[in-house]
Amino acid sequence: MGFRQDINVLRAIAILAVVLYHFKIPFFNAGFIGVDVFFVISGFLMTKIIYEKYINNTFSISGFYLDRAYRIIPALLVLLVFMMFFAWFVLFPLEYKQLAKEIITAISFTSNLLFFKQSGYFDASAEELYLLHTWSLSVEWQFYIIYPILIVLFLRFFHVKFLRYVLLCLFVISLLISVFLTAKYPTASFYLIPTRAWELLAGAMIYFFPINIKLSTKYKIQLLGLMIIILSLIFLNNKLLWPSYWAMLPVLGAYLFLISAHQEGLLSNSKILQFLGNTSYSIYLWHWPIFIWFNMNLWLNSFEFIIFAIVLSILFGWVSTITIEKYFLNIKRRNTSKLKLSVYLILLCSLLLPAVYIYKNNGIESNIRTINTSEKKEFLEYYESLHKKGLSEAYMLKCDFYDNDLERHKVEISKECTNSELMLKDSIFVWGDSHAQALSYGIRNEIKDRKLLFDFYQVATSGCPASLSVNPRSGKIDNNCKLSNEFALKEIERIKPTIVIIAQANYHEEVNWEEIAVVLKEKGVKEVIVFGPVPQYKPSLPSVYVRKAWELNTEYIKIGLDAKILDTNNLMNEKYRTSNFLHYISPINYLCNNEGCKVVLNKENRDLMLVDYGHLSPKGSLIIGDFLFDELYKRNIFK
């Protein structure tokens, strides 16, 4: 079979899903499934190419790698060169250093390993990573390295029927690994090849286990696959386990769409879909850096700018396709000699060396870059350093069941977290996630400054809001969060603290707080305090302040403020205003007015309330701690 128009249609659907999801277009809640669809397409095409060339005695592993290099690397290299050049003028040293690290891993196709250690795909911090999207290219390339060797080895010593069932077994094993490990190691499972290989192997199943479909039913099968993908886009979301069993839905949709092999009809004949399918790879490459740049400059608050950014992504993708991709495709058709491979290696090294230099020199701190001469550079470096290395004591990270990389977990925390030498009659127990950690510094200082006879306890684990069952932020039963919350409840029952203060980042409205309060009071707690979310900013407050509010030098900032957090607070105020089971205390009510929210504590020193998008700085925690205790006194919590 020659060129398959239906594959181009599926590519178009996948790229539309990804782009519209990233630009936060309604009804594309799960547009990230476009990557899963791309994996199925890739697995099918690579299997077809390898097997058919092998049986025709025209396959070589080095030739396969070179073909993949011609397809993937040129457009990627152009993007990376552009990014490095553009960033010279607009990124501060720490940002430039981070970009250089991303470029190094993108070139070496190991960026999935970098991001697995650095940021979850759905985390707020992910929207500051210019090359986050290259993780999927790394997964595919790693698969390409292993896959042809596996197929050639089995075909050389066994019949093709044996190979088919080996691949089927690997598909099942990878799927089971994905299902079992995603709950325990969600970030690693999202990024790494053992839990993603089954999606690529689903494409192999299409080729090695073909189904004869009558011409009259091809369209129906294709339409069924399309409907499954569309329903997945609408009804799935980033709070589900991924890529666990939920990912089977878009993979099944792609499987049905491809196995129907339907080449006629409105979809296949659509010039728009064929155009998007042909340009999908380059659109994928360019859309995310464009999103990040628009987001960093807070231009995506306007629908017009969102549309402009999407159009710009398609335009850049089209230019890349008709110039870079087309040029190297023509070279490949004319010549696939080793000489061309050496040219690729030279090009890679020519970009790798300056990227390594930039990284080793901390993002080029020299004044040769004019952006380095301002106070803004030192300001950002201070908050970056504080965020990475200066919060261990303030946040009491010894009471966190995760270590710093948020993947390896601890089976226990420091005994100091829930034990006291004084054994005072009264105590305060802080429970929650990293936002509870940030709040605890202010609480501990208020206990000391107000000379209160209260012991202090804390169980707060990063990414793990207080819960009786699932993680309300992710909708998942996260094994490590389960361990943290079970330990907190056990210790609360043992200690019977006077006051339990619960704090978390977001999704307060999805928690039955009165149910939690009733359970805590049954365990001997006298007062339950649900502390609302602090104001949150996108992409992060230090970045927003430097780029958009530096010259204003104001205490209150509305630019970049996350409106969803304000909506959450309004819902919580209304729902728990007269609760008989708990006290809802809102820092947003205290900090925010019509001008925005107070996030600058000292205009002369430019001290910020937050160290990033929403975690309190130590100085911010002191301010909020003072407010919290004033509220506790007003409500007669302290008798």
Side-chain angles (χ1 to χ4, degrees), residues 3-4 7-8 10-11 14-15 35-56 58-80 103-113 131 133-153 155 167 192-193 196-197 199-204 206-207 277-285 317 320-321 324-349 351-352:
F3 180 78
R4 283 185 52 172
I7 292 179
N8 240 16
L10 196 55
R11 286 195 186 108
I15 194 60
V35 172
D36 305 84
V37 172
F38 276 127
F39 283 160
V40 178
I41 296 171
S42 182
F44 170 71
L45 291 176
M46 292 310 102
T47 303
K48 183 177 186 295
I49 290 168
I50 295 168
Y51 180 74
E52 291 183 359
K53 283 192 173 184
Y54 182 85
I55 60 175
N56 290 322
T58 58
F59 180 77
S60 75
I61 290 177
S62 62
F64 174 81
Y65 293 155
L66 188 58
D67 285 345
R68 292 298 88 211
Y70 272 112
R71 178 71 182 97
I72 293 174
I73 294 176
L76 176 63
L77 275 179
V78 170
L79 170 71
L80 299 181
I103 288 174
I104 292 167
T105 56
I107 293 171
S108 58
F109 294 103
T110 57
S111 59
N112 60 327
L113 304 179
L131 298 175
H133 62 319
T134 62
W135 74 269
S136 63
L137 303 183
S138 296
V139 168
E140 282 200 50
W141 192 260
Q142 291 159 18
F143 182 79
Y144 294 156
I145 290 173
I146 302 167
Y147 192 54
I149 298 173
L150 179 71
I151 290 181
V152 168
L153 283 175
L155 287 177
L167 294 178
L192 302 184
I193 195 167
R196 287 288 187 174
E199 297 180 317
L200 291 141
L201 289 169
I206 297 170
Y207 185 79
N278 284 326
T279 56
S280 59
Y281 174 57
S282 282
I283 292 174
Y284 182 78
L285 287 179
S320 174
T321 300
I324 309 304
E325 288 191 55
K326 186 176 180 181
Y327 174 76
F328 279 89
L329 179 62
N330 289 335
I331 290 178
K332 187 189 85 166
R333 286 170 178 165
R334 291 196 304 267
N335 190 346
T336 58
S337 67
K338 293 182 180 179
L339 175 63
K340 299 301 179 184
L341 182 58
S342 66
V343 171
Y344 268 124
L345 293 175
I346 292 170
L347 288 172
L348 285 172
C349 290
L351 183 59
L352 183 62

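Keep in mind that the numbers below use all heavy atoms, side chains included, and drop hydrogens, waters and symmetry copies. Source: prediction; values computed, not measured.
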Side-chain contact, heavy-atom cut-off 4.5 Å: Ile55 with Leu155? no
OG1 (Thr321) and CG (Leu285) are apart, to the nearest 0.5 Å, by 9.0 Å
Pairwise side-chain contact, Ile324 with Leu77, heavy-atom cut-off 4.5 Å (strictly under): no
To the nearest 0.5 Å, atom CZ of Phe44 lies from atom CD1 of Ile49 at 10.0 Å
Check whether any side-chain heavy atom of Ile72 lies under 4.5 Å from a side-chain heavy atom of Glu140, and answer yes or no. no
4.5 Å side-chain heavy-atom contact, Thr105 and Leu131: no
Do side-chain atoms of Thr58 reach the backbone of Lys53 as a donor and acceptor pair under 3.5 angstrom? yes
Stepwise side chain to side chain contact (heavy atoms under 4.5 Å, CB included) test for Val35 and Trp135: CA-CA 10 Å; Val35 172; Trp135 74 269; 3.8 Å; yes
Partners meeting side-chain contact (heavy atoms from CB on, under 4.5 Å) with Leu153 (sequence neighbours left out): Ile149, Phe157
Answer yes or no: is there a side-chain heavy-atom contact under 4.5 Å between Leu113 and Leu192? yes
Among residues two or more places apart or on two chains, list those pairs meeting salt bridge (Lys or Arg N to Asp or Glu O under 4.0 Å) that have a residue in residues 36-46. Asp36-Arg196
List the residues meeting side-chain contact (heavy atoms from CB on, under 4.5 Å) with Thr47, not counting sequence neighbours, and say none if there are none. Tyr147, Ala204, Tyr207, Phe208
For a 4.5 angstrom cut-off between non-hydrogen side-chain atoms, does Tyr281 reach Ser320? no
Test your reading of the model: is there a side-chain donor-acceptor pair from Ser138 to the backbone of Ser111, 3.5 Å cut-off? yes
In this structure, NZ of Lys326 is separated from OG of Ser282 (nearest 0.5 Å) by 13.5 Å
What distance do Leu66 atom CG and Ile61 atom CD1 have between them, rounded to the nearest 0.5 Å? 13.5 Å
Value for CG (Asp67) from OH (Tyr144), rounded to nearest 0.5 Å, stands at 11.5 Å
Under the side-chain contact (heavy atoms from CB on, under 4.5 Å) test, which residues partner Asn8, sequence neighbours left out? Phe3, Arg11, Gln274, Asn278
Is Ser108 reaching over with its side chain to a backbone N or O of Ile104, donor-acceptor style, under 3.5 angstrom? yes
Who are the side-chain contact (heavy atoms from CB on, under 4.5 Å) partners of Ser60, not counting sequence neighbours? Ser62
Once the angle between the rings of Phe64 and Phe59 is folded into 0 to 90°, is it parallel (under 30°), tilted (30 to 60°) or perpendicular (over 60°)? tilted
What orientation do Tyr284 and His133 show, parallel under 30°, tilted 30 to 60°, or perpendicular over 60°? tilted
Return the minimal non-hydrogen interatomic distance between Leu80 and Ala106, and the atom names on each side. CD1-CB, 4.2 Å
Please enumerate all residues that pass ring pair (Phe, Tyr, Trp, His ring centres under 6.0 Å) together with Tyr54, with sequence neighbours excluded. none
pair Ile41-Ile7: side-chain heavy atoms closer than 4.5 Å: yes
Stepwise, does the side chain to side chain contact (heavy atoms under 4.5 Å, CB included) test hold for Phe109 with Thr134? CA-CA 8 Å; Phe109 294 103; Thr134 62; over 6 Å; no
So Ile103 and Leu352, side chain to side chain contact (heavy atoms under 4.5 Å, CB included) or not? Walk me through it. CA-CA 8 Å; Ile103 288 174; Leu352 183 62; over 6 Å; no
Does the side chain to side chain contact (heavy atoms under 4.5 Å, CB included) test come out yes or no for Thr279 and Ile15, once each step is laid out? CA-CA 9 Å; Thr279 56; Ile15 194 60; over 6 Å; no
Using only atom types and a distance under 3.5 Å, with no angle test, would you say the side chain of Ser280 pairs donor to acceptor with the backbone of Gly277? yes
